[in-house]
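Everything below concerns the one structure shown next.
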Amino acid sequence: MVWISAALASLLASSALASIEPILGGMMEPRATLLDTRLEDANDDSLRRRQTTTTADANMTQWNTDTAAACMSALSTLGGTASNPSGTAVCYNLFSLDTNAGTFMADLRLFQVSTPFGDFEGIPPEDISVGLRYNGASVLPPSQANQTQTTTKRQSSMPKLLQTYMFPGQIDKAQMAQPMTMGVLEALVMPIVTLTGKNAVGQPVSTNVSANEAAFVNGIFSNEVVMSDFSLASLAVDNITAQLHEGTVPFVLPGVNILIFPVGLVLTSVWLVIGVGFYAFGTYERYNYRDMYRRMKAREGKPSYGARI
């Protein structure tokens with residue numbers, strides 16, 4: 001009797017387990033699928049971040065290489081002569097520029113071009129601080145941005161790289177309201193570079209460094225040519241002169257055709273007509289008065305002597 005009860009209990013337990021297993025399997029399967037999906041998304045995000053970091057590092061490495069070559073090429077034309085007593089020159093470029101938001105990333109490199117003289121004589125390059133001032137923009141101070149110091153091997157009269165600065169900037173919102181042409185943008189993001197230090201007696205000295213010696217030689221504006229109105233007019237004259245020499249455009253003798261409305265000619269003609277009219281009216285009145293005088297003398301029996309009145 002006991003073994004019959006045990007067999008019956010075992011049969012009931014097997015049936016209950018068989019009926020619960022599909023339910024548990026249905027509940028566990030979505031969770032397993034969700035866990036697999038999350039693991040796959042995490043792997044994709046990690047791989048994407050690694051690829052983005054690798055791409056950014058590759059772009060920055062290429063940027064440093066290209067900028068260094070462009071700066072050295074531009075500053076080598078100075079012939080080892082600096083335009084300021086610090087004996088340094090700067091190479092200024094834009095890594096990025098958002099014309100809609102007005103944000104930019106600037107690259108400033110300080111080079112030793114010649115031996116310091118004057119107030120900066122004897123001041124080590126590492127004791128010289130760099131200051132920037134913009135007319136229409138602002139940036140983080142170089143000390144708060146990513147600052148690196150690089151020393152390269154001195155080669156004859158080639159410039160020596162002293163410091164490299166990368167700093168973000170923002171164009172003033174008030175300046176963004178005007179029509180933003182390439183020339184306006186270039187003027188807004190062009191800095192005034194000031195170098196300061198202390199001489200041998202501890203007195204502060206400073207000087208401005210021209211940023212035009214090597215500006216926008218790589219990156220933004222490196223392929224743009226921003227010219228003044230006079231330069232554009234001179235270029236147009238040179239182009240038309242070259243076309244005349246080549247015979248592509250016919251020669252037109254100037255001054256034989258009126259190409260615009262002659263406002264001056266109309267005004268001059270009106271004044272001429274008025275002047276001639278007054279002179280003619282005066283002459284006519286004088287002629288009538290002479291005839292009247294002669295008739296009056298003739299009636300009186302006196303000679304008019306035929307003289308001019």
Side-chain angles (χ1 to χ4, degrees), residues 41 44-75 89-111 129-148 150 161 163-195 208-236:
D41 293 340
D44 292 341
D45 292 340
S46 178
L47 180 60
R48 191 178 298 109
R49 285 195 296 269
R50 290 179 181 178
Q51 292 176 348
T52 303
T53 304
T54 304
T55 303
D57 293 341
N59 291 339
M60 186 55 64
T61 301
Q62 186 65 35
W63 166 262
N64 288 328
T65 303
D66 296 341
T67 304
C71 290
M72 294 292 287
S73 176
L75 294 177
V90 295
C91 183
Y92 180 77
N93 299 280
L94 288 186
F95 178 74
S96 62
L97 173 64
D98 188 345
T99 57
N100 295 323
T103 58
F104 60 92
M105 179 66 71
D107 181 299
L108 179 69
R109 304 186 180 214
L110 184 65
F111 288 83
S129 59
V130 180
L132 299 177
R133 182 167 58 88
Y134 287 83
N135 294 324
S138 59
V139 295
L140 289 177
S143 58
Q144 297 180 9
N146 298 328
Q147 176 179 349
T148 59
T150 307
L161 180 61
Q163 293 175 339
T164 301
Y165 302 93
M166 290 287 292
F167 46 87
Q170 172 69 55
I171 300 176
D172 296 342
K173 298 299 182 181
Q175 300 292 339
M176 296 294 294
Q178 60 179 323
M180 302 305 291
T181 61
M182 299 302 290
V184 173
L185 283 172
E186 183 174 331
L188 291 176
V189 299
M190 175 66 77
I192 299 175
V193 184
T194 303
L195 300 182
N208 291 335
V209 182
S210 176
N212 292 322
E213 294 174 343
F216 307 121
V217 295
N218 189 32
I220 309 299
F221 299 127
S222 60
N223 296 324
E224 298 290 338
V225 179
V226 180
M227 296 186 297
S228 62
D229 295 338
F230 179 78
S231 298
L232 291 175
S234 300
L235 181 61

Of the non-hydrogen atoms in [X] and [Y], which two are nearest, and what is the gap between them?
X: Ala89; Y: Glu213; answer: CB-OE1, 3.4 Å
X: Met176; Y: Thr99; answer: CE-O, 3.2 Å
X: Trp63; Y: Gly219; answer: CZ3-CA, 3.6 Å

*Side-chain donor/acceptor of Ser73 to backbone N/O of Ala69, under 3.5 Å*: no
*Please check if the side chain of Asn93 supplies one atom and the backbone of Val217 the other of a donor-acceptor pair under 3.5 Å.*
yes
When rounded to the nearest 0.5 angstrom, what distance separates [atom1] in [X] from [atom2] in [Y]?
X: Phe111; Y: Thr164; atom1: CZ; atom2: OG1; result: 7.0 Å
X: Leu110; Y: Leu195; atom1: CG; atom2: CG; result: 6.0 Å
X: Thr67; Y: Gln62; atom1: OG1; atom2: CD; result: 9.5 Å
X: Asp66; Y: Ser222; atom1: CG; atom2: OG; result: 10.0 Å

*Those residues that, when tested against Ile220, pass side chain to side chain contact (heavy atoms under 4.5 Å, CB included) (two or more places apart)*: Leu94, Leu97
*Please list, chain by chain and in numerical order, all residues satisfying side chain to side chain contact (heavy atoms under 4.5 Å, CB included) with Ala215, sequence neighbours excluded.*
Met190
Find out whether [X] and [Y] are in side-chain contact, i.e. whether some heavy atom of one side chain is under 4.5 Å from a heavy atom of the other.
X: Leu161; Y: Arg109; value: yes
X: Leu185; Y: Phe221; value: yes
X: Val139; Y: Phe104; value: yes
X: Asn135; Y: Ile192; value: yes
X: Val90; Y: Tyr165; value: no
X: Leu132; Y: Val193; value: yes

*Are Phe216 and Val189 close enough, and set up right, to give a side chain to side chain contact (heavy atoms under 4.5 Å, CB included), and what steps lead you there?*
CA-CA 11 Å; Phe216 307 121; Val189 299; 4.1 Å; yes
